[in-house]
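Because only heavy atoms are used, hydrogens play no part in the values below, and waters and symmetry mates are left out as well, while side chains stay in.
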Amino acid sequence: MEQPASRRVATPVAWIALVAAALALAVALLPAPLAHADDDLAADAATTAPAAPAAGPVPNVIITNFTYGDAPAEVGGDFTLGYTFQNMGRVAVQNMVVTVDGGDSFSIAGGTNTFYVDWLDAGYSLTQSVPMQALGSAASGAHAVTVGFRYEYVDAGVRSSGSSDIRIAVPVVQPDRFQINDPVLPESTYAGEEATVTMAYVNKGKADIANVEASIEGEGIESAVPSQYLGNVASGGTGAVGFAFTPLAAGEVNATLRISYEDPNGEAKTRDFPITLNVSESIPDTDEGMDLEPEPEPTVPLWAWIAGGAALAVPAVALAVVLARRRRARHAARQTDDGDWDDWDGGDPEAGTLDGVAADDAGASGFPARSGDGTRPGDGSSADGERTQVIADGDDGMRR
């Protein structure tokens with residue numbers, strides 16, 4: 001049976017296709033040719049090996065901002081340290097530990113100095129606050145606080161670790177504890193005479209006070225040394241400064257005492273102390289030999305005269321009484337003696353003789369005449385040996 005024309009044509013084409021496929025398969029199965037010495041092995045590897053992913057840069061964590069309050073930290077005082085840190089890398093960081101170290105100048109004022117952050121994406125930032133205190137041993141000036149970061153990150157499928165330590169400076173100041181006492185004024189001041197005002201001071205701070213100067217100024221006064229330099233005052237140092245001046249006129253005088261110095265932080269300070277003095281007129285000098293008006297004698301009051309007179313009158317009255325008594329006693333004694341004379345046997349008193357001795361002879365020599373028994377008239381001796389009193393008549397007829 002005769003086949004159609006279309007079959008007769010398709011049969012050779014199919015055989016050709018089969019042969020071509022077999023040749024292609026045979027070529028594919030042939031081994032690769034051996035490399036020659038002059039071939040570029042690096043170029044062949046680049047064209048045959050797949051490209052590995054490139055690793056990114058290591059992430060860095062830095063502090064972008066920090067604060068310590070509105071003023072520098074004062075020694076012994078508390079302050080809050082705030083800081084902001086940021087991931088500057090291209091990959092996130094994980095398991096971050098943050099530590100704050102104040103060194104020898106600062107300490108943590110409560111709480112801990114270690115913080116944990118589990119994740120911080122690339123480009124992101126966080127802010128933390130730490131309560132701190134400036135130690136008493138810290139000197140004036142800037143002191144470092146170190147903030148450390150320890151973290152991990154994954155880049156190109158590989159886990160790695162990184163760290164960074166950031167130091168920030170916090171200024172510390174010493175408080176001004178330079179104490180100056182109030183001026184001590186003189187008890188009295190006179191025009192034209194020099195006076196002195198003193199002021200005591202003490203440095204109670206822990207740092208030196210530098211370049212201390214003192215001065216006095218005001219109207220109506222003059223001073224040979226209006227300003228003086230005292231130098232430095234060490235911690236705990238004490239002293240006093242004196243201001244010598246002369247008021248020019250009497251009346252109220254106003255002056256200003258000024259103390260200037262540099263505090264422990266190097267800042268210049270000035271403190272003024274106004275004073276007011278009541279100046280008296282000067283006392284005039286008196287030359288030797290100058291006649292001075294005698295001071296008036298103190299006037300004795302009337303009652304003193306009366307009291308003095310009464311005091312003198314009492315002994316005068318007593319004396320008068322005593323004398324009067326003596327006179328009466330003598331008069332009584334004379335009366336008694338008159339009676340005894342009349343009865344005396346020694347002789348007649350009218351005859352003017354005593355024991356036979358003439359009265360004229362008795363008084364011729366100016367001494368009383370002796371009687372015949374060796375006694376003198378009037379010597380108070382009687383015949384029996386007892387003393388008697390001789391009474392003679394005077395010219396006036398009175399007996400003595």
Undergrad: Hey, are the side chains of L135 and S107 touching, using non-hydrogen atoms and a 4.5 Å cut-off?
TA: yes
Undergrad: Would you say the side chain of V172 lies within less than 4.5 Å of the side chain of V75, judging by non-hydrogen atoms?
TA: yes
Undergrad: For residues 179-205, pull every pair meeting salt bridge (Lys or Arg N to Asp or Glu O under 4.0 Å), keeping only residues two or more places apart or in separate chains.
TA: none
Undergrad: Let me check something: do I216 and V212 share a hydrophobic cluster, defined by ILVMFWY side-chain heavy atoms less than 4.5 Å apart, either directly or through other members?
TA: yes
Undergrad: Counting only heavy atoms not in E217, do more than 12 sit closer than 6.0 Å to its CD atom?
TA: yes
Undergrad: Identify whether V147 and Y124 are in the same connected component of the hydrophobic contact network (ILVMFWY, side-chain heavy atoms under 4.5 Å).
TA: yes
Undergrad: Going only through I, L, V, M, F, W and Y residues with side-chain contacts under 4.5 Å, is there a path from V130 to I62?
TA: no
Undergrad: Rounded to the nearest 0.5 Å, how far does OG of S188 lie from CG of L277?
TA: 11.0 Å
Undergrad: To the nearest 0.5 Å, tell me how far N203 CG sits from R177 CZ.
TA: 9.0 Å
Undergrad: May I ask you to test the L81-S129 pair for a side-chain heavy-atom distance under 4.5 Å?
TA: no
Undergrad: Report the C-alpha distance between N254 and T276 in whole Å, list the side-chain angles of each, state the deciding distance to 0.1 Å, and finish with yes or no for side-chain hydrogen bond (donor to acceptor under 3.5 Å, both in side chains).
TA: CA-CA 5 Å; N254 296 317; T276 300; 2.9 Å; yes
Undergrad: Please table the atom pairs, donor to acceptor, closer than 3.5 Å between any side-chain atom in residues 219-235 and protein atoms at least two apart or in another chain.
TA:
| unit_1 | atom_1 | unit_2 | atom_2 | d |
| --- | --- | --- | --- | --- |
| S223 | OG | V225 | N | 3.3 |
| S223 | OG | V225 | O | 3.2 |
| S223 | OG | A244 | O | 2.6 |
| Q228 | NE2 | G242 | O | 2.9 |
| Y229 | OH | N211 | OD1 | 2.9 |
| N232 | OD1 | N211 | N | 3.0 |
| S235 | OG | G205 | O | 2.5 |

Undergrad: Applying a strict under-4.5 Å side-chain criterion to I, L, V, M, F, W and Y, I'd like to know whether L120 and M88 cluster together.
TA: no
Undergrad: Hey, what do you get for CD (Q86) to OG1 (T127), rounding to the nearest 0.5 Å?
TA: 10.0 Å
Undergrad: Keeping to residues at least two apart or across chains, list the ring-ring contact (aromatic ring centres under 6.0 Å, His included) pairs with something in residues 58-108.
TA: F79-F106, F85-F149
Undergrad: After noting the C-alpha distance and the side-chain angles of E152 and R159, does the key distance pass the salt bridge (Lys or Arg N to Asp or Glu O under 4.0 Å) rule?
TA: CA-CA 7 Å; E152 297 179 352; R159 179 173 294 273; 3.2 Å; yes
Undergrad: Which residues satisfy the side chain to side chain contact (heavy atoms under 4.5 Å, CB included) test with D78, sequence neighbours excluded?
TA: A109, Q133
Undergrad: Between I275 and L185, is a side chain to side chain contact (heavy atoms under 4.5 Å, CB included) present by the stated rule, with each step listed?
TA: CA-CA 8 Å; I275 60 173; L185 305 181; 3.9 Å; yes
Undergrad: Would you compute the distance between atom CD of Q179 and atom OG1 of T238 and round it to the nearest 0.5 angstrom?
TA: 11.5 Å
Undergrad: Does G69 offer a backbone N or O that forms a donor-acceptor pair with the side chain of T67 under 3.5 Å?
TA: no
Undergrad: Which donor-acceptor pairs under 3.5 Å do the side chains of residues 162-171 make with protein atoms, sequence neighbours left out?
TA:
| unit_1 | atom_1 | unit_2 | atom_2 | d |
| --- | --- | --- | --- | --- |
| S164 | OG | V61 | O | 2.9 |
| D165 | OD1 | R150 | NH1 | 3.0 |
| D165 | OD1 | R150 | NH2 | 3.3 |

Undergrad: Mind checking what makes ring pair (Phe, Tyr, Trp, His ring centres under 6.0 Å) contact with Y261, not counting sequence neighbours?
TA: F178
Undergrad: Between K269 and D176, is a side chain to side chain contact (heavy atoms under 4.5 Å, CB included) present by the stated rule, with each step listed?
TA: CA-CA 10 Å; K269 292 187 176 181; D176 184 5; 3.1 Å; yes
Undergrad: Given side chains that start at C-beta, do those of R258 and R271 come closer than 4.5 Å, heavy atoms only?
TA: no
Undergrad: The test is side-chain hydrogen bond (donor to acceptor under 3.5 Å, both in side chains); show your working for N265 and S140 and say whether it passes.
TA: CA-CA 6 Å; N265 307 307; S140 297; 2.9 Å; yes
Undergrad: Of all heavy-atom pairs between P175 and E74, which one has the smallest distance, and what is that distance?
TA: CB-OE2, 3.7 Å
Undergrad: Give the C-alpha distance, both sets of side-chain angles, the deciding distance and a yes or no for side chain to side chain contact (heavy atoms under 4.5 Å, CB included) between N278 and T189.
TA: CA-CA 7 Å; N278 294 320; T189 53; 5.8 Å; no
Undergrad: Go through N87 and Y151 one step at a time and tell me if the side-chain hydrogen bond (donor to acceptor under 3.5 Å, both in side chains) criterion holds.
TA: CA-CA 11 Å; N87 179 9; Y151 52 87; over 6 Å; no
Undergrad: Tell me, do V197 and V184 make a side-chain contact under 4.5 Å, heavy atoms counted?
TA: no
Undergrad: Can you list the steps and then say if V117 with F115 is a side chain to side chain contact (heavy atoms under 4.5 Å, CB included)?
TA: CA-CA 7 Å; V117 179; F115 307 92; 5.7 Å; no
Undergrad: Quick one: CE on M132 to CG on N113, what's the gap to the nearest 0.5 Å?
TA: 8.5 Å
Undergrad: Does some side-chain heavy atom of Q94 sit less than 4.5 Å from a side-chain heavy atom of V154?
TA: yes
Undergrad: Enter the distance from F273:CZ to L257:CG here, rounded to the nearest 0.5 Å.
TA: 8.0 Å
Undergrad: Membership question, hydrophobic clusters at under 4.5 Å side-chain separation (ILVMFWY): are V279 and Y190 in the same one?
TA: no
Undergrad: Check whether more than 12 heavy atoms from other residues, nucleotides or ligands sit under 6.0 Å from atom CG of D104, and answer yes or no.
TA: no
